[in-house]
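Below is one structure; the comments refer to it alone.
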Protein chains: 2
Amino acid sequence: MSSTAIDLLLADEASRPRADARRNVERLVMAAREALDETGLDATAHEIARRAGVGIGTLYRRVGTREALLRAVLLEFLGGMLTAADRALDADDAWQGLVDFATVYVRLRAASCGVNEALGDSDARLDLSETSTALRERLERLVGKAQEAGAMRTDVTWQDTAWLLAGVVPGDHTIGLTPGGEQWRIGLRVVLDGLRA
Amino acid sequence: MSSTAIDLLLADEASRPRADARRNVERLVMAAREALDETGLDATAHEIARRAGVGIGTLYRRVGTREALLRAVLLEFLGGMLTAADRALDADDAWQGLVDFATVYVRLRAASCGVNEALGDSDARLDLSETSTALRERLERLVGKAQEAGAMRTDVTWQDTAWLLAGVVPGDHTIGLTPGGEQWRIGLRVVLDGLRA
DNA sequence: CAACAAGTGGACGATAGCCGTCCGTTTAGC
DNA sequence: GCTAAACGGACGGCTATCGTCCACTTGTTG
């Protein structure tokens, strides 16, 4: 579950690496998560190494590229999001399913600057298109179900919905108000009210 | 009106500059507008000079700093926005006033990447705090009026409103959909519906 | 416990992008 | 024509990041 990223990175080692090497990979992954949360996609290799308490050489030797590391962490994260989407699709109440997913989606994007950027950036710096396409497709179905159930207005496409949800996430938009940590909640509520049939 | 930025930049010349010099200032201002629209706040001095068809030396001689130039253009722009806000405050129907302003606000932000960034960036790269504070204060009053008139839900603050409006503007959020030029319209409609009492 | 392969850290050279100055050349205006 | 004003853009300086390389350290195994 949470070791996926590590496994992914250790997979292509020919023989079992030494204990300290494994430990360093773990540290690097944790550091990458933090850096991704706070700094975003363009967290530098040096920053990640510093956070991990590890030399820059170690980073490159262990994970090959800065991008490979970030990619592994992001894939793990997006996987979790996909799971939430599938759970939402199974909900009895279509509208409630959409609400649940939207909440998770926005919360996770809000929690990590890097995840937010990864889901937005259309330029594929890291190759995440496969997973994010899957995610899109889930949203499309969720919106479809909610509309068929008559719970959601039909003059709005799932693309519009994606747009609106993304807009609720804090960015450097906001007219200069320091956003409280949970600021997105009220925004999401308004948007969902606006989407209701 | 539209010559404000130019006047602002020519103001501190001791004696009347030569005709070609004035022409170049105009070109620089127009180029800065374009660059601001397309590239955003960190349009480089060289890019602006290139767009203006002018040497980089000329830019620095004429406008002093890259920042002074951008600032002049942005101030002009924000001035227009303020005017729209004041007009909206005079509307008979408080809700309609809010809707009108919101529309202008979002459209203008959507039209220029640089304006959008300028209104968001809390770090004061260019000193626009005065004008943007004025703008905030207008929005606060618009929201207040709409709520007093019973036209807008009261569990939402003007800060939340600012947040939501900013969110509707295209950014690099959007799950990888190339946004149509007028994409923000539908988003704005949903948000306004959600804000209605 | 020794010896060596595996691993480590971080200085370093390379690359890139932007800033703003400076000076030889051009041009407007009298 | 003549001169002061203006021009263009090459250039040096600065900052940031990347990723390599090698002298040194440490885990592991017999």
Side-chain angles (χ1 to χ4, degrees), chain A residues 6 9-32 34-36 38-72 113-114 117 121 123 125-126, chain B residues 6 9-32 34-36 38-72 113-114 117 121 123 125-126:
Chain A
I6 296 169
L9 290 167
L10 287 175
D12 44 351
E13 295 281 340
S15 62
R16 192 159 211 276
R18 235 167 61 177
D20 51 348
R22 298 176 63 85
R23 191 170 54 241
N24 282 337
V25 174
E26 284 174 36
R27 282 189 188 166
L28 282 168
V29 168
M30 290 197 304
E34 287 176 21
L36 227 32
E38 293 168 30
T39 309
L41 281 192
D42 40 45
T44 71
H46 286 71
E47 179 188 347
I48 298 175
R50 187 182 44 73
R51 279 178 191 267
V54 144
I56 183 65
T58 300
L59 184 149
Y60 282 106
R61 202 173 325 100
R62 286 282 79 92
V63 302
T65 328
R66 169 182 148 281
E67 308 213 326
L69 176 56
L70 295 184
R71 183 158 189 278
C113 187
E117 292 171 18
D121 268 350
D123 85 301
R125 283 200 269 184
L126 314 150
Chain B
I6 296 169
L9 291 167
L10 287 174
D12 43 352
E13 296 281 337
S15 61
R16 193 158 210 276
R18 237 165 64 175
D20 52 348
R22 296 177 64 86
R23 191 171 53 241
N24 282 335
V25 174
E26 284 174 34
R27 283 188 188 165
L28 282 167
V29 167
M30 289 197 305
E34 287 176 22
L36 227 31
E38 293 168 28
T39 309
L41 281 191
D42 40 44
T44 71
H46 285 72
E47 179 189 348
I48 297 174
R50 188 182 44 72
R51 280 179 190 266
V54 144
I56 182 67
T58 299
L59 184 150
Y60 282 106
R61 202 172 324 101
R62 286 283 77 96
V63 301
T65 329
R66 170 182 148 280
E67 308 214 326
L69 176 55
L70 295 183
R71 185 159 188 276
C113 187
E117 291 171 17
D121 268 352
D123 84 300
R125 284 200 268 182
L126 313 150

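To find a chain, count down the sequence lines: A is the first, B the second, and so on, and within it residues start at 1.
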Look at the side-chain N and O atoms of [X] and state whether any lies under 4.0 Å from the OP1 or OP2 oxygen of [N].
X     : N      : answer
B/T58 : D/dG8  : yes
B/N24 : D/dA6  : no
B/R62 : D/dC7  : yes
A/R18 : D/dT26 : no

Rounded to whole angstrom units, what separation is found between the [atom1] atom of [X] and the [atom2] atom of [N]?
X     : N      : atom1 : atom2 : value
B/E47 : C/dC18 : CD    : P     : 9 Å
B/L59 : C/dC22 : CG    : P     : 17 Å
B/R22 : D/dA5  : CZ    : P     : 17 Å
B/R16 : C/dC30 : CZ    : C1'   : 16 Å
B/R50 : D/dG8  : CZ    : P     : 15 Å
B/R61 : C/dC23 : CZ    : P     : 13 Å
B/R23 : C/dA28 : CZ    : P     : 7 Å

Which sits closer to the 5' end of DNA chain C, B/Y60 or B/D20, going by the nucleotide each is nearest to?
-> B/Y60
Hey, which sits more toward the 5' end of DNA chain C by its nearest nucleotide, B/G57 or B/R66?
-> B/R66
Hey, is the side chain of A/H46 pairing donor to acceptor with the base of C/dG10 inside 3.5 Å?
-> no
A side-chain contact here means heavy atoms from C-beta on lying under 4.5 Å apart; do [X] and [Y] qualify?
X     : Y     : value
B/R50 : B/H46 : no
A/E38 : A/E47 : no
B/T39 : B/T44 : no

Mind checking the CG-CZ spacing from A/N24 to A/R18? Nearest 0.5 Å is all I need.
-> 10.0 Å
Before giving the answer on side-chain contact (heavy atoms from CB on, under 4.5 Å), spell out for B/V25 and B/R22 the whole-Å C-alpha distance, their side-chain angles and the decisive distance to 0.1 Å.
-> CA-CA 5 Å; B/V25 174; B/R22 296 177 64 86; 5.7 Å; no
A/I56 side chain, from C-beta outward: closest of D/dG19, D/dC18, C/dC19 | D/dG19
